[in-house]
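Each remark here refers to the structure printed beneath this line.
Every heavy atom of this structure was used, including side-chain atoms; hydrogens, water molecules and symmetry mates were not. Chain identifiers are assigned alphabetically (A, B, ...) following the order of the sequence lines, protein sequences preceding nucleic acid strands; residue numbering begins at 1 within each chain.
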Amino acid sequence: MALELFNTLSGKIEPLFASDGHALRFYCCGPTVYDYGHIGNFRTFLHVDMLRRTARLYGMGLHHVMNITDVDDKIIRNAGNAGLPIGEYTAKFERAFFEDMDALGVERPEQIARATENIGDMVTLIERLAAQDIAYKAEDGSWYFRIARFPEYGKLSKKDFEGIEDGARVDVDEYDKDAARDFALWKATKPGETSWDTALGKGRPGWHIECSAMAMKYLGDSFDLHAGGEDLMFPHHENEIAQSECATHQPFARHWFHVRFLLVEGKKMSKSEGNFYTLRDLLLKGHRASAIRFLLLSVPYRHQLNFTFDGLTESTNAVERLRTFYTRIRDGKWPESAPADDSVAAAIRLGDEKFTAALGNDLNTAEARAAIFDVLRAVNSAADQSKLTRTDADAMLALLAKFDSIFAVLEDHDAELTRAAIAWAESEGRLGEADASLLATLSLSDADIDALVAERTLAKKQRNFARADAVRNELLEKGILLEDSKDGVRWKRK
RNA sequence: GCACCGGUGGCGAAGUGGCUAACGCGCUGGUCUGCAAAACCAGUAUUCAUGGGUUCGACCCCCAUCCGGUGCUCCA
């Protein structure tokens with residue numbers, strides 16, 4: 001069975017495959033490291049991660065390149081305000097970015113490419129375009145791309161630029177360029193700005209050129225897939241195609257993957273709306289990294305997701321149910337006897353097929369989720385009726401491992417991730433932003449909790465239920481939930 | 001203005017021209033429990049924004065209307 005994926009370029013769902021027969025060569029537009037990442041950024045990276053993991057599930061190797069934009073206008077401005085060299089400024093946010101990616105369970109690409117470390121390749125690419133008179137130098141020393149020379153411009157975003165060039169010269173703000181749509185390849189430096197002294201003159205790269213140069217450097221002139229947020233489709237990706245295909249006369253990326261923007265509480269996320277959240281903001285409010293991951297992945301990537309706190313609570317509960325189920329099957333003592341019938345095995349097999357097929361169908365994560373919950377109910381039910389055997393349990397664990405190779409939420413690292421966020425807030429003098437009850441919960445060590453649980457168990461043995469309930473309530477107030485079972489008491493942090 | 005996407009139960013969200021409209025969360029009742037929690041069982045949309053049309057048959061196709069969102073500029 002093939003993995004099928006919507007291709008922005010063709011406008012159709014098409015099979016995705018590694019054209020070299022080994023590894024899927026793909027490029028993902030990474031972050032501009034000028035600030036902490038927000039949940040909108042992470043929705044995109046999370047779905048690229050979903051794509052990675054699904055491609056692997058479908059048997060493909062991976063060669064994934066992601067850039068880090070570590071020089072641009074905002075970086076120069078912010079680093080200047082902070083009085084830091086840009087390298088020092090960006091290093092901090094690059095580190096933070098990867099910490100956040102780790103917290104969300106996003107796998108690292110095989111290769112990270114920093115713009116400032118590949119300037120020479122960008123210069124070479126611009127020179128190749130200049131040799132064909134497709135790149136030209138304007139009066140101020142900046143270099144631009146002559147869009148009129150690429151008739152296919154607009155093929156990705158399905159825009160028609162017929163006639164636009166004609167009116168360009170009336171645009172007085174753009175007097176440096178030959179045409180209004182022409183975009184910068186190389187920006188001449190203003191005094192005091194970071195610059196590179198190259199054959200093109202003193203300056204720094206335009207934004208688009210870095211992705212073209214680095215993608216082709218590491219993946220070849222033509223490669224399998226290029227990914228990014230929907231906003232990048234135009235003009236960023238359109239410009240990448242123009243630069244690259246004019247230079248090489250080869251198709252650039254075969255498949256284009258764009259992740260839709262999310263809404264927050266029904267509106268586009270923005271600082272002025274007050275609905276702008278970084279991952280760290282949410283962790284400090286007591287939300288779990290796993291729930292954030294699960295929520296952002298639960299709505300398929302081509303649909304708009306409305307991020308709400310109710311939705312986050314729902315995801316927290318859904319993940320909790322999956323984990324409870326997982327530990328139950330993993331830790332339970334299931335009889336070695338042969339199953340009375342194959343109904344459980346059949347349910348697991350069907351769930352497995354549905355799960356894989358759903359992902360293969362343009363990454364339908366909602367359906368994939370549903371397939372797992374169907375099996376969960378069937379197996380829980382069998383377990384309750386003492387009909388679950390070791391063989392079935394092992395099959396279930398194998399399916400859960402497959403599920404988790406994609407969704408990656410079963411192993412519980414939430415408390416340690418939250419602690420890390422708090423430690424970060426403390427070091428930044430931002431502990432005041434942390435939720436008070438969260439701090440209370442984390443103030444109890446595991447040993448403290450175990451001691452209180454033991455006290456309650458003793459009280460119960462003595463049938464002193466008043467005392468037992470008091471302890472349970474005390475723990476509950478601090479966010480610790482107790483569960484009695486045949487095998488003893490389990491507790492978990494809410 | 002032009003273009004695009006969407007409107008499915010209390011909420012989130014799949015889905016198909018024709019079997020009982022997935023799944024999750026929530027809620028209600030039951031089983032279990034000292035009581036809870038967890039788990040399971042049952043219930044929770046005669047209906048898929050509205051009005052027309054095509055069809056033997058549409059939530060799914062077409063047209064119109066209303067509503068929400070997005071892009072056309074930096075933005076994941």
Side-chain angles (χ1 to χ4, degrees), chain A residues 11 28-32 34-35 37-48 69 72-74 154 157-161 164 207 227-236 258-263 266-271 276 291 294-296 298-308 310-325 327-328 332 351 354 358 361 364-385 459-461 463-466 468-469 472-473 475-476 480-486 489-492 494:
Chain A
C28 167
C29 288
T32 301
Y34 69 99
D35 204 347
H38 59 253
I39 52 174
N41 298 117
F42 292 120
R43 163 136 134 126
T44 297
F45 296 118
L46 242 4
H47 280 281
V48 172
T69 300
D72 90 322
D73 294 341
K74 286 190 287 278
S157 52
K158 320 287 182 245
K159 289 181 191 299
D160 184 2
F161 294 102
I164 284 178
W207 173 36
E230 63 166 338
D231 58 306
L232 299 182
M233 198 161 88
F234 182 86
H236 184 56
H258 290 104
V259 179
R260 212 145 173 216
F261 265 11
L262 58 67
L263 261 38
K267 290 191 173 142
K268 183 169 173 172
M269 179 168 63
S270 74
K271 286 183 177 163
F276 184 95
F294 201 59
L295 174 59
L296 293 178
S298 288
V299 175
Y301 74 97
R302 284 210 287 148
H303 292 259
Q304 202 164 52
L305 159 72
N306 185 12
F307 183 96
T308 64
D310 286 348
L312 202 47
T313 302
E314 178 198 316
S315 286
T316 306
N317 294 342
V319 169
E320 200 52 49
R321 186 168 170 213
L322 288 165
R323 285 179 177 171
T324 302
F325 174 69
T327 52
R328 177 184 196 188
K354 280 185 168 175
N361 177 21
N364 192 334
T365 49
E367 231 178 318
R369 249 184 72 142
I372 293 301
F373 278 104
D374 278 334
V375 182
L376 178 151
R377 246 183 301 107
V379 172
N380 254 335
S381 186
D384 273 14
Q385 296 169 284
K460 273 176 62 177
K461 251 185 207 146
R463 305 199 62 80
N464 182 356
F465 294 122
D469 290 353
R472 186 171 65 195
N473 287 335
L475 285 167
L476 189 62
I480 311 297
L481 218 58
L482 299 190
E483 285 174 22
D484 294 339
S485 78
K486 299 187 275 300
V489 184
R490 275 193 305 267
W491 60 263
K492 56 193 181 192
K494 261 204 297 192

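A:D374 comes within 4.0 angstrom of the backbone, heavy atoms only, and of no base. Residue contacts shown for A:F465 include a base, since a base heavy atom lies under 4.0 Å away. Counting any heavy atom pair closer than 4.0 Å across all strands shown, A:I372 reaches no nucleic acid atom. No engagement by A:L312 is indicated, since no non-hydrogen atom pair under 4.0 Å with the nucleic acid exists. At a threshold of 4.0 angstrom between heavy atoms, the contacts of A:H38 include nucleobase atoms, whether or not backbone atoms are also involved. Residue contacts for A:G30: at a heavy-atom cut-off of 4.0 Å it reaches no nucleic acid atom on any strand shown. Nucleic acid contact class of A:G311 (heavy atoms, under 4.0 Å, all strands): none. Looking at heavy-atom distances under 4.0 Å, A:D484 makes contact with a base. At the heavy-atom level, A:L482 lies under 4.0 Å from base atoms of the strands shown. Note on A:V299: only backbone sugar-phosphate atoms sit closer than 4.0 angstrom, heavy atoms only; bases stay farther off. Residue-level contact check: A:P235 touches the backbone only, with heavy atoms under 4.0 Å from sugar-phosphate atoms and none from bases.
Here B:A49 sits opposite B:U65 as a Watson-Crick or G-U wobble pair (both hydrogen-bonding atom distances under 3.5 Å). A 3.5 Å limit on both hydrogen-bonding distances identifies no Watson-Crick or G-U partner for B:G9. Partner assigned to B:C2 is B:G71, using Watson-Crick or G-U wobble distances below 3.5 angstrom. With a cut-off of 3.5 Å on both pairing distances, B:U54 has no Watson-Crick or G-U wobble partner at all. When both distances must be under 3.5 Å, the Watson-Crick or G-U wobble mate of B:A21 does not exist. Applying the Watson-Crick and G-U wobble criteria (two distances, each under 3.5 Å), B:A42 pairs with B:U28. Nucleotide B:A14 is matched to nothing when pairs are restricted to Watson-Crick or G-U wobble geometry with both distances under 3.5 angstrom.
For A:R321, the side-chain atoms get nearest to B:C40 when compared with the rest of B:U70, B:A38, B:C40. With distances taken from any side-chain atom of A:R328 to the nucleotides B:G15, B:A22, B:A39, the minimum falls on B:A39. The side chain of A:S381 lies closest to B:C41, out of B:C41, B:A14, B:G24. Comparing B:A14, B:C40, B:C23 by their closest approach to the side chain of A:A370 singles out B:C23. Relative to the side chain of A:K460, the nucleotides B:C74, B:G34, B:G15 differ in distance, and B:G34 lies closest. Minimum atom distance to the side chain of A:D469 is reached by B:G34, of the listed B:C40, B:G34, B:A38. Which of B:G24, B:C5, B:A38 sits closest to the side chain of A:T324 comes down to B:A38. Closest contact between the side chain of A:D231 and the listed nucleotides B:A39, B:C74, B:C75 involves B:C75. Each of B:C75, B:C40, B:A38 was ranked by its minimum atom distance to the side chain of A:K268; first place goes to B:C75. Taking every side-chain heavy atom of A:R463 into account, B:G34 is the closest of B:G34, B:C72, B:G15.
An aromatic stacking contact links A:F261 with the base of B:A76, defined here by ring centres under 5.5 Å apart and ring planes under 30° from parallel.
A gap of 16 Å separates the C1' atoms of B:A49 and B:C5, to the nearest Å. For the P atoms, the distance from B:G24 to B:A38 is 15 Å, rounded to whole Å. With P as the reference atom, B:C11 and B:G18 are 27 Å apart, rounded to whole Å. For the C1' atom pair drawn from B:G29 and B:C66, the interatomic distance equals 40 Å after rounding to whole Å. Rounded to the nearest Å, the gap between the P atom of B:C4 and that of B:C61 is 16 Å. Spacing between B:A13 and B:G6 at atom P, rounded to whole Å, works out to 13 Å. B:C59 and B:G9 are spaced 15 Å apart, taking the P atom of each and rounding to whole Å. Using C1' as the reference atom, B:U20 and B:G7 are 25 Å apart when rounded to the nearest Å.
Residue A:N306 has no polar side-chain atom (N or O) positioned under 4.0 Å from OP1 or OP2 of B:C11. Dashed line: the shortest gap from a side-chain N or O of A:R302 to OP1 or OP2 of B:G6 is not under 4.0 Å. Between A:N380 and B:A39 there is no side-chain N or O to OP1 or OP2 distance below 4.0 Å.
The aromatic rings of A:Y301 and A:H47 lie tilted to each other, with the angle between the two planes from 30° to 60°.
Taking a 6.0 Å sphere around NZ of A:K354, one finds it holds 12 or fewer heavy atoms contributed by other residues, nucleotides or ligands. A:K158 NZ: more than 12 foreign heavy atoms inside a 6.0 Å radius.
The two residues A:A371 and A:G351 make their nearest non-hydrogen contact at CB-O, 3.9 Å.
Here the straight-line distance linking atom NE2 of A:H303 with atom CZ of A:R260 works out to 9.0 Å at 0.5 Å rounding. Taking CZ from A:R43 and CG from A:L305, the interatomic distance works out to 5.0 Å, rounded to the nearest 0.5 Å. A distance of 5.5 Å separates CD1 in A:I39 from CG in A:L262, rounded to the nearest 0.5 Å.
Between A:K460 and A:D484, at least one side-chain N (NZ, or NE/NH1/NH2) sits under 4.0 Å from a carboxylate O, which counts as a salt bridge. Salt bridge absent: A:R369 and A:D374 never bring a charged side-chain N and a carboxylate O closer than 4.0 Å.
Contact of A:E314 with B:G24 (side chain to base): a donor-acceptor pair of N or O atoms is detected under 3.5 Å. Taking 3.5 Å as the limit, the base of B:C35 and the side chain of A:R472 contain a donor-acceptor pair of atoms between them.
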